Amino acid sequence: ATAFAGLPAGPSPDAVAARPPAPADGWRIQIVDKPERQQTQIMFGHTGPTVTDPNFLPLALGMTAFGGRGMKSTMMDEIRTKRGLAYGAYMSLGARRGPGMLRGWVSTGADKTVATLKLTLRLYKDLATKGLSAERVKFFQQFMAGSFASDMDAPDARLEARVAAELHALPFDHVDTYVARVGAITADQVNRALKQHLTPANLIITLVASAESLTKLLVAAKVSPGAIDVVDYRSH
């Protein structure tokens, strides 16, 4: 009451209308050129649903199974554990009041960039077309519930979660019912959300790398030169 006494009473103002992001059309690759790089940072993704969309939580569960923090996620298992192409590989669903984003990222050696990118995109396509088994959904339901308990261990984390829910126009009990709602998700709900919202054929792909060598490798891998943009890292 003391800290916020100066705020006027009344309902929350409407969110400022933002221009919706233009969806990707095909693959668009941008190389952020930084000469003499020995490592490549790969980021890829596309727009996703709003945080109030009924598909948001099932889709978030799917993203946890595919690119979450656990070592059993698809990206970590296939890219790090089985092949040693990177130390970490992740993908997440951003929570936004407006359109969110599905964003994946992985760092790998310059000489392994094309192999890592091709594997990552193949895995993402498989997720969109094949979905997840009921057993895998159940495993990551338990993982999400346990992670949430750990995430909410500190008072500042609990406050941040409640403020974020308010800003996102979510129900008042959103934080308190999270674990129960995750536990009620079915494999069918997850796979419907994946099929509806994943667009592996339409992606924005950004690579921080040495453009001279990487462009040649991408063209040799059958990427059209017209689909590759190069920008100087100092322009960012």
Side-chain angles (χ1 to χ4, degrees), residues 23-48 59-60 62-94 101-133 136 139-140 143 147 194 197-236:
D25 183 12
W27 285 5
R28 195 74 208 174
I29 299 177
Q30 181 187 74
I31 300 177
V32 179
D33 183 24
K34 198 168 186 183
E36 301 180 7
R37 291 273 299 170
Q38 300 303 310
Q39 189 180 63
T40 300
Q41 276 74 45
I42 302 171
M43 186 173 291
F44 68 98
H46 54 79
T47 56
L59 186 60
M63 287 298 97
T64 300
F66 182 73
R69 292 170 291 176
M71 293 300 293
K72 294 296 185 180
S73 70
T74 300
M75 290 181 71
M76 286 290 281
D77 188 41
E78 295 288 342
I79 295 172
R80 173 181 166 164
T81 305
K82 292 182 179 179
R83 296 172 176 84
L85 293 170
Y87 183 77
Y90 309 95
M91 190 163 193
S92 66
L93 171 61
M101 61 179 174
L102 288 152
R103 179 174 64 100
W105 63 98
V106 57
S107 298
T108 189
D111 59 329
K112 300 175 182 176
T113 300
V114 172
T116 303
L117 180 61
K118 289 173 71 173
L119 172 62
T120 301
L121 298 180
R122 178 177 64 77
L123 293 172
Y124 194 51
K125 182 179 179 181
D126 286 347
L127 177 68
T129 56
K130 300 176 183 177
L132 297 172
S133 67
R136 198 155 172 80
F139 177 88
F140 281 97
F143 178 86
S147 297
L194 293 173
H197 292 283
L198 267 53
T199 60
N202 299 294
L203 291 171
I204 300 295
I205 302 168
T206 298
L207 308 160
V208 182
S210 298
E212 182 178 6
S213 57
L214 182 55
T215 300
K216 295 176 182 177
L217 293 173
L218 290 172
V219 172
K222 309 301 182 184
V223 175
S224 169
I228 303 172
D229 298 320
V230 177
V231 297
D232 192 287
Y233 78 97
R234 290 166 294 190
S235 67
H236 281 251

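One is the number of the first residue; the rest follow in order along the sequence. A quick note: this is a predicted structure, and the numbers were derived from the prediction, not measured.
- L127 contributes atom CG, which lies 5.0 Å from atom CG of L194 (distance to the nearest 0.5 angstrom).
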Would you sort out whether E212 and V230 count as a side-chain contact (heavy atoms from CB on, under 4.5 Å), showing the intermediate values?
CA-CA 10 Å; E212 182 178 6; V230 177; over 6 Å; no
Hey, mind stepping through W105 and S92 against side-chain contact (heavy atoms from CB on, under 4.5 Å) and telling me if it holds?
CA-CA 9 Å; W105 63 98; S92 66; 3.7 Å; yes
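- A cation-pi arrangement is present between R80 and Y87 under the rule of less than 6.0 angstrom and at most 45 degrees off the ring axis.
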side-chain contact (heavy atoms from CB on, under 4.5 Å) assessment of T74 paired with R136
CA-CA 10 Å; T74 300; R136 198 155 172 80; 3.2 Å; yes
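- Two residues are said to be in side-chain contact when any heavy atoms from C-beta on lie closer than 4.5 Å; L59 and L198 meet this criterion.
- Considering CD of E78 and OG1 of T116, their distance stands at 12.5 Å, rounded to 0.5 Å.
- Between D229 atom CG and D33 atom CG the span is 12.5 Å, to the nearest 0.5 Å.
- In this structure, V219 and P225 approach most closely via the heavy-atom pair CG2-CG, 4.0 Å.
- Taking all atoms of both residues into account, the shortest heavy-atom contact from R28 to A227 is NH1-CA, 3.7 Å.
- With hydrogens and angles disregarded, a donor-acceptor distance shorter than 3.5 Å links the side chain of N202 to the backbone of G26.
- Among all heavy-atom pairs drawn from Q41 and Q39, the shortest one is NE2-OE1, 2.8 Å.
- Between T120 and M75, the shortest heavy-atom contact is CG2-CE, 4.0 Å.
- Distance check: L132 CG to F66 CZ gives 10.0 Å after rounding to the nearest 0.5 Å.
- The heavy-atom pair separating L121 from F44 by the smallest distance is CD2-CD1, 4.3 Å.
- In this structure, T215 OG1 and L207 CG are separated by 9.5 Å, a value rounded to the nearest 0.5 Å.
- Although no hydrogens or angles enter the test, the distance criterion places no donor-acceptor pair under 3.5 Å between the side chain of T40 and the main chain of G109.
- Classification of K82 and D77 as a salt-bridged pair holds, one side-chain N sitting under 4.0 Å from a carboxylate O.
- Interatomic distance, CE of M43 versus OG of S107, reported as 8.5 Å (0.5 Å rounding).
- The minimum heavy-atom distance linking T108 with T113 is given by the pair CG2-CA, 3.8 Å.
- For K222, the salt bridge (Lys or Arg N to Asp or Glu O under 4.0 Å) test picks out no residue, with sequence neighbours left out.
- The aromatic rings of H46 and Y124 lie tilted to each other, with the angle between the two planes from 30° to 60°.
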Quick one, Y90 with R103, criterion side-chain contact (heavy atoms from CB on, under 4.5 Å). Give me CA distance, side-chain angles, the key distance, then yes/no.
CA-CA 8 Å; Y90 309 95; R103 179 174 64 100; over 6 Å; no
